[in-house]
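Computed over heavy atoms, backbone and side chain alike; hydrogens, waters and symmetry mates excluded. Chain identifiers are assigned alphabetically (A, B, ...) following the order of the sequence lines, protein sequences preceding nucleic acid strands; residue numbering begins at 1 within each chain.
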Amino acid sequence: MNIEQELISSIHKAFTDLYQHTADLQELKLQPTRKEFEGTYTFVTFPYARISKKGPEQTGQELGAYLQQNSALVSGFNVVKGFLNLEIADAAWLQLFAAIAGEDSWGQLAANGKKVVVEYSSPNTNKPLHLGHLRNNFLGYSVSQILKAAGYEVSMVNLVNDRGIHICKSMLAYQKWGGGETPESSGIKGDHLVGKYYVEFDKHYRRQIEELVAQGVEKEEAKIKAPLLQEAQEMLRQWEAGDPQVVSLWKTMNSWVYSGFEQTYQKIGVAFDKFYHESDTYLLGKDIVEEGLEKGIFFKKDNGSVWIDLSSDGLDEKLVLRSDGTSVYITQDMGTADLKYKDFGMDKSIVVVGNEQDYHFKVLFLILEKLGRPYAPGNYHLSYGMVDLPSGKMKSREGTVVDADDLVQEMEETAENYTRELGKVEGMDPDEAKRLFTMLALGALKYYLLRVDPKKRMMFDPQESIDFQGNTGPFIQYTHARISSLLRRAEEMGINYKAVEISKQKSVHPTEREVIFQLSQYTDKVRLAGEEYAPSIIAQYAYDLAKEFNRFYTEVSVFNADDEQLRDFRIALSAAVARTIRHSTSLLGIEVPERM
RNA sequence: GGUCUCAUAGCUCAACUGGAUAGAGCAACUGCCUUCUAAGCAGUAGGUUUCAGGUUCGAGUCCUGAUGGGAUCACCA
């Protein structure tokens, strides 16, 4: 049962009966009535005055009267200027709730038979994950869950950038100054240990540049000529040539990083169905360059480099293959695009990458389109904005990055302190308490990063950003714990609220009606969030629902209801809210506790 | 400089894709725990939606321009 759709079709009929006009069903739109007016749905009549040949207000009156008479859903109406506010009958709300409570797969849309691949995380293996990666990981995981709920078959993949000059820098520094330390010997987590040497490299490298500049070398030239960089580049050449020593060190250090990443991924609750490694894929794409040349989409310059001219699409000329025949970034990406299609045969392919690469993906997708790839129309760059600190942009060289592991740990400590302060751990066994702290820490963090529209850049203040009150993850988690407590009590009292006959219910309290209304919006929100790739829609929804439930909770009493019928109805309503909170937060990758 | 993008309460964010008097949270202030978890609820205060034009019944939202942030324009990834 869908109240909105039924209302729309009644309005459609009203236009025919009253004005002999066939309205376009797509054009007829309802919006929620603003709080200061009576009613639930509002129909705007301004655009239809032309059709009725009467003023917007009179049109509203006529439509309202018609609906009240001809639709069982409409129990009353009022018209303010060109706004027709419709009040919905209690019986309709109850019927709607019965349908929701009885829905087996609530929140799961019907399978649409389409496959989608979501690529996210895609870290470099030269340093640990930081705050920016967290936004990426949470977004990628959440969008994947949302698309599953929207009916897609989803695969999550991670394209690890495990080769290149950056990892050689760490390797070189380790070779020079590492003294053979390992994660085991130093007690440092693998990715952090490798990151330490990346920083070490940069320190010495900058010193060399300064020395050269002091000798009168231009800064730009000094950056290239510094011996350390030369050595790192030489190491990269050795790696590509398969030098056993270099490859062995590369394998060792990468394995440290992987075990570090694995720990972090597990901690923050993200996972992947498949890993791709650039060391395997960096040679791909050259045959596509050939193909493009044959098709006349690419052209070769005198020095042998290959380009595409995108000026007719408002872009520039773009290099796709170097003059020495080696790949550039976009060459590989063409190759991996084909590879993914070969592996998954997906209808949609989403890459979660920061918006500093907007231009790159615009070009890449355009090329794949020109090459006539069957999957080209399904490509989508989920571009997200940077995470700024109060001090400005995060810069790894300036040591202003917020490390992911550190942040999570600090959050756990904050959660623990706060929870203990409130005296919520009494009677809780230590394991449950520990799980709770982690749940709250990650709930706060994930909600904070996901509630903002992905496209927008956002501000993160480590000192005060993460709160446990108000519009936060823990607020939603708390609401769930509250309801769980109600349901435990119902259980203890042996109440079988699932058997309640909702049709026997006589009336609906305004706050109950609001809760049912919120519940009824859920499916649409899931669909919308899937279309827009926007976890923020789900986050906002979960908050609104929790907020509405808390109002209900304080305004009416569940266990002191007038009669058992009403009591059981309210328990059932609460259970439906808990279920929806659980489902919606799971789409955000957030867990909710039974007590807190 | 070219292209793209953003600008909403002191702060962090919304605004259902053009609808009513622009909403939440934080911070400030006032109430509510002898009834189901006060990490809650109710309320007060806080706005020329950066600025100037335009489009129409109607603009935070669309178009033009300006100002100010950011990104990008490598034979880096």
For C41(B), glycosidic torsion class - syn if within 90° of 0, otherwise anti: anti

Indicate whether Phe46(A) forms a stack on G19(B); treat it as stacked only if centroid distance is below 5.5 angstrom and interplanar angle below 30 degrees. yes

Distance, P atom - from G19(B) to C76(B), rounded to whole angstrom: 48 Å

Centroid separation under 6.0 Å, is that true for the rings of Phe549(A) and Phe552(A)? yes

Give me the distance, rounded to whole Å, that separates A22(B) from U50(B) when you measure between the P atoms they each carry. 15 Å

Touch check for Asp467(A), heavy atoms < 4.0 angstrom, all strands: base, sugar-phosphate only, or nothing? sugar-phosphate

Please determine whether any donor N or O and acceptor N or O are separated by less than 3.5 Å between the side chain of Lys424(A) and the base of U37(B). yes

Any idea if U17(B) is syn or anti, going by the 90°-from-0 cut? syn

Check against side-chain contact (heavy atoms from CB on, under 4.5 Å), Leu566(A) and Glu512(A): CA-CA 11 Å; Leu566(A) 182 58; Glu512(A) 293 164 350; 4.1 Å; yes

NA contact type, Lys455(A), heavy-atom cut-off 4.0 Å: base, sugar-phosphate, or nothing? nothing

For A59(B) versus U3(B), give the span between their P atoms, rounded off to a whole number of Å. 30 Å

Tell me what Phe460(A) touches on the nucleic acid: a base, only sugar-phosphate, or nothing, going by heavy atoms under 4.0 Å. nothing

Can you tell me, in whole Å, how much space there is between the C1' of A15(B) and that of U49(B)? 11 Å

Ring centre gap for Tyr48(A) and Phe43(A) strictly below 6.0 Å: yes

Check for me: is Phe83(A) stacked on A20(B) by the 5.5 Å centroid and 30° plane-angle rule? yes

Regarding Arg457(A), tell me which of base, sugar-phosphate or nothing describes its non-hydrogen contacts under 4.0 Å with the strands shown. sugar-phosphate

Side-chain H-bond candidate by donor/acceptor type, Thr42(A) with Thr33(A), under 3.5 Å: yes

Pick the closest RNA chain B nucleotide for Gln31(A) and for His360(A) by heavy atoms, then say which residue is nearer the 5' end. Gln31(A)

By the 4.0 Å heavy-atom rule, please label Val44(A) as base, sugar-phosphate, or nothing. base

Answer with yes or no after comparing the ring centroid distance for Phe83(A) and Phe46(A) against a 6.0 Å cut-off, counting only values under it. yes

Has Phe37(A) got its ring stacked on A20(B), by the test of a centre gap below 5.5 Å and a plane angle below 30°? yes

With sugar-phosphate meaning primed atoms plus P, OP1 and OP2, does Val556(A) contact a base, only sugar-phosphate, or nothing at under 4.0 Å between heavy atoms? base

Have a look at Thr42(A) and say if it touches a base, only the backbone sugar-phosphate, or nothing, with a 4.0 Å heavy-atom cut-off. base

Considering only the P atoms, how many Å lie between C51(B) and U67(B), rounded to the nearest integer? 16 Å

